[in-house]
S.K.: 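Take a look at this one; I'll ask things after.
Quick note on labels: first sequence line is chain A, next is B, and so on, each numbered from 1.
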Amino acid sequence: MSEAPADIEITDPVTITLDGRQVVVQRGALLIDACERNGVYIPRFCYHPRMRPVGMCRMCLVEVDTGRGASLQPSCMLQCSSDMVVDTQSDKTRKAQEGVLEFLLLNHPLDCPVCDRGGECPLQDQTVGYGPGETRFVDEKRHYEKPIAISRTVLLDRERCILCDRCTRFAKEVAGDPLIDFQDRGSRTQVNTFPNQPFASYFSGNTVQICPVGALTAEPYRFKARPWDLEIVESSCTTCSVGCRVTIQSSRNQVLRCLGVDSDPVNWGWLCDKGRYGVEALNAEGRLGVPLGRGRSVKTDDETALEEVSWAGALRTAADAITSALDRRGPEGVAVIGGARLTNEAQYAWVKLLKGVIGTDNLDAQLGDGIPAEIVLGLPLATIDDACRPGSTTVVVSGDPKEELPILYLRLRHAAVQDGVNLIEIGPKAGGLTPYATVAMHPLPGELADLVRAVVGGGAGGAVAGVDPASIERARSLLADTDGEMTLVVGRRSLSEDTGFTADAVSVLVSAYDKVRILPALRRANVLGALTMGMAPGVLPGRVALAAAPDAYSTRWPALPAGRGLDTTGILTAAAEGRIDTLILLGADPLTDFPDRDLAERALAGARNVIAVDQFVNDSVRLAEVVLPAAGFAECAGTTTNIEGRILKLEQSTTPPGTARPDWMIAAELAAELGSDLGLDSVEQIWKEIAELSPSHVDLTWEMLSDPQNRDGLVARGDPLPGSVRFEAPEPTAHRALDSYSLRLVATRKLYDEGTMVGRCRSCAGLAEETALAMNPHDFERLGVEDGGRVTVSSKRGSTVIEARGEAGVPRNSVALVVNAPNFDVGTLIDANDAVNEVRVEALQSVAGETGSEGGS
Amino acid sequence: MGYLDGFRVTFKKLFEQRVTQQYPAEKQEKPVRLHGRHVLNRYEDGMEKCIGCELCAGVCPAKCIYVRGKDNPVDDPVSPGERYGFVYEINYLRCIHCDLCVEACPTEAITESKLFEFSFTNRYDAIYTRDELLVDGDGRPRQLPWEDWREGEDEWTSGWMRATSPSGDVAFENTVAWSGELGHGIRPPEQGQRADGGGE
């Protein structure tokens, strides 16, 4: 939770006198930072190095002589200039500090023993360090109602507040959700929300972390423990793939909270609430600690319930299922979906088991909801800093980063608002970045590549893909100024649209601009690691193409797959047709996560045996023959790879429940049961083998990764090497012309949904919003639909009745639904084989009147 | 004649007053400030004094105290304020009776009694739970089956606490702001202390 200023390189030195000694500092740097970099800490409450200074609290007053005589000045508002004389220890400074603290404590309730902040409270610490020791205030203090909930997770105690403006500045400046502000005047000034508007920000937990007193406390951590109970390790968040650095704080072998760590290249100290409170799922009810199986028989006629079995029995069953698949169909009879949850080492172990021992290439870490592995592995990777480089242009062709990768959104937002980065957003519909994008374009599903061609190539000047010509022209001129150097944030725009369009768009941009680097906006925790380690068809660890596998693999691994295998859609199609005997789910729930529910259902029914390695029994795992419990976040050590290809250490904080094991150990045991030795017996040793074998990790030793100097992680080689997977321009994906009755479906994500982990996190579970059919208000009249009225949506797969809602950011002639929402599963409408899914919308005339009043529910 | 000297000592002792006591049938008066096992006190209205702040657990050099707090139920609060001690356990196999917990307690919830005579037959009994430590409805410690103490020995269960002024000085001369205690009210001041008002 360090809030120390980042080290900077001094480019414009000036000499100042600090407490009698001469120090060289950067001209224009804030005095408070310059002093701290030179070992003199000035007490402060309102100043935070990641936010603009405001000089609210007056705690950082020091005696400064800038040539006009010594006077008290707030060091957080003062820039260093030459020949400044600073005295942080003078009597005048001490008196000012004591005075400020005495004032701050006038109305502070001093209920430290019951305050969650007690023990780690800057106000406590600085009162001890710089305070007067006694108060002269004898009157009744100001009283407010004790904690009021300003959101589901944040409690506000206004009595404790010292009005430092940190939380309100964070909400306005950093998060862009100005939902809390100062209210009233004088001694009654208070921070509060606006009436009937909770502080429902995805980033609200950060205000709790930066509050210098106990005014804002987190409901999930309320009275759970006190600071001196906690055992703290530094690790990386694996809720999404941004890889924010966190401290995991546990007590009595239970993870109680996560706090953000200021990692300059990644998260700047911020966390999203899903990552911050997601650790609650670790201790949730239903967490697997014992293997489950169905007795002796493998899928007998009578469906027996899953019951607890021994590890030996479970592994034997799993190995038998794999052996029988190998006997019946050879390696192609075994397929694996998932693996993005695993650590790099576990991914390597599983890939070695599957590709090197079993010999199957039917392996995909993405559940048909990502982008082709060739885009990620075949093009040079960018870092987040590249995408946010001041003055640059960044193209975002993905879903809404705010919903999928919240901290990437914060960084891009900051870049656009404060660093003059031009964002060209090409999203499926208006989202979190739209207000900050220089150009925001929302092409119709299926017409992304046409739009990108129009932007790159110039031409007729008419509207393309429903985007107005002015925007296209603006984007073109921005890109023309980039000298071909550009960062492309690329992810899955919509689950109901084929990724071929994205691949086409990427190939157009790559051929038009020679220095395109990509930042994959893929949301699954370690998906970059999974793809790099070979958890995709046709790939071997280190971005190596299977077709060009170097000798090292065939000498070190017992076998190699004969040819390129299937991706998730292919695996599920094959399983549905009965061509997959054993399907292994590695922390995957295709029923929920694969876009096409019908295909996923047929596949799970069609596979002879399903083996699941997971932490919870979800819909898909429920159908498995045998379930192996895996250790989760904070329960096993290793490394993870974020979207930049940055390798970050994960530390173990608690032990897994029951007999759950790390995933790499399960792979090793399964291999042993199959009569083969993976030769892997510790995380460190696995990493050593990765570093020896994988061209992308060749220079990264375990010692380097463990060095505290490298706690921000080390970026693996992100440039394609000889023998790497190549990105080649695909055959253009075709789409049918729109008939005048159908609307194209857009299926996007929300941060909170009904996912396996977030659904089991107590604080986040209730936050998933119901989805309504969002459509452009211009389409209402044509379809005879009213805003808030109920409509029937039907595709060739299914239909439902749902509320229609006007949303100007949805492209005309399309409708948008949220994936994995509590009230409706969009997957029941989607056919994964269709390039663009189309639906028909009809107003429900007869009952529209009765149900109209339900709109607010 | 040398050995007769020895007999002389024996005979002399026969007529002296005996110092041996028939413990445990007979017991000696204990010093007021003896460090025995702890009690968790209540306010005069019956509310628990413990607010679950864990300062006792934090300061304990033997790490024998385990406390967890919880939100006070709004309709039936256990203690005044927002939180109460939900779990409170002291392991007497580890406790060294140093009384630092008593010093640390901001609400005088935990004090040490003079009761020390207990013999457990298993380790679980040595871990006193919140129920076992809490004083009863009359403000008296609960007598547990394995504890040997008689009537009157449960007096002055916060005796040591009273001798320690807020600044740790026995001769402290100002108001000692003791709060009222269930069954005992506000105890009288000791020598050199004032209990009357005048504010803090």
Side-chain angles (χ1 to χ4, degrees), chain A residues 105 109-121 124 128 133-141 143-149 153 155-160 213-232 249-254 256-257 283 762-763, chain B residues 40-41 43 47-75 77-91 100-110 127 130 166-167 174-175 177 179 197-200:
Chain A
L105 290 172
L110 292 176
D111 54 352
C112 307
V114 285
C115 175
D116 265 340
R117 205 71 163 139
E120 53 176 11
C121 174
Q124 270 186 336
V128 172
E134 295 209 7
T135 179
R136 290 169 288 176
F137 186 76
V138 292
D139 298 302
E140 184 70 12
K141 298 195 178 199
H143 287 294
Y144 285 114
E145 187 190 339
K146 275 291 184 183
I148 51 172
T153 51
L155 301 171
L156 168 64
D157 185 325
R158 291 162 292 173
E159 290 184 355
R160 295 179 188 150
V213 294
L216 293 168
T217 49
E219 197 278 331
Y221 178 67
R222 183 168 166 84
F223 302 157
K224 283 271 164 40
R226 312 230 64 201
W228 50 86
D229 294 336
L230 299 169
E231 288 163 44
I232 300 173
Q249 313 205 343
S250 63
S251 174
R252 297 177 76 93
N253 206 23
Q254 200 180 37
L256 294 177
R257 66 170 175 180
N283 310 319
R762 193 182 53 87
S763 309
Chain B
L40 284 173
N41 297 309
Y43 289 103
M47 285 254 205
E48 289 178 23
K49 288 189 170 182
C50 177
I51 51 168
C53 73
E54 299 190 26
L55 282 168
C56 47
V59 78
C60 180
K63 297 269 167 279
C64 69
I65 310 184
Y66 169 45
V67 188
R68 279 291 182 265
K70 203 176 182 180
D71 245 318
N72 249 323
V74 181
D75 43 351
V78 181
S79 71
E82 291 174 62
R83 181 175 57 196
Y84 75 103
F86 167 62
V87 176
Y88 201 109
E89 290 177 5
I90 299 182
N91 183 349
L100 284 177
C101 49
V102 181
E103 303 267 353
C105 185
T107 62
E108 301 154 31
I110 186 160
I127 299 170
R130 176 165 158 264
S167 51
N174 205 334
T175 307
S179 53
E200 292 167 51

S.K.: Got a second to check how far A:S251's OG is from B:R68's CZ, nearest 0.5 Å?
M.R.: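 Those atoms lie 4.0 Å apart.
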S.K.: What part of B:F86 gets closer than 4.5 Å to chain A, counting heavy atoms only: side chain, backbone, both or neither?
M.R.: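 No part of B:F86 comes within 4.5 Å of chain A.
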S.K.: Between A:G118, A:C115, A:P147, which has the largest tally of heavy atom pairs under 4.5 Å with chain B?
M.R.: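 The residue among A:G118, A:C115, A:P147 with the greatest pair count is A:P147.
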S.K.: Taking every heavy-atom pair that is under 4.5 Å apart, which of B:D71, B:I51, B:T107 has the most such pairs with chain A?
M.R.: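 That would be B:D71.
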S.K.: Which heavy atom of A:P113 sits nearest a heavy atom of B:C53, and at what distance?
M.R.: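 Smallest heavy-atom distance, with atoms named: O-CB, 3.0 Å.
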S.K.: Once salt bridge (charged side-chain N to carboxylate O under 4.0 Å, His left out) is applied, do any residues pair with A:R252, and if so which ones, sequence neighbours excluded?
M.R.: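 Per chain and number, A:R252 pairs via salt bridge (charged side-chain N to carboxylate O under 4.0 Å, His left out) with no residue.
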S.K.: Output the distance between atom OG1 (A:T217) and atom CD (B:E82), rounded to the nearest 0.5 Å.
M.R.: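 Nearest 0.5 Å value for the OG1-CD distance: 8.0 Å.
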S.K.: Would a distance-only check, ignoring hydrogens and angles, find a side-chain to backbone donor-acceptor pair under 3.5 Å from A:W228 to B:E54?
M.R.: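 Indeed, once roles are kept as given, a pair shorter than 3.5 Å links the two residues.
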S.K.: Who pairs with B:R83 by salt bridge (charged side-chain N to carboxylate O under 4.0 Å, His left out), at least two apart in sequence or on another chain?
M.R.: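 Partners of B:R83 by the salt bridge (charged side-chain N to carboxylate O under 4.0 Å, His left out) criterion come out as none, since no residue qualifies.
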S.K.: What part of A:R226 gets within 4.5 angstrom of chain B, counting heavy atoms only: side chain, backbone, both, or neither?
M.R.: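 It is both, since atoms from each part get that close.
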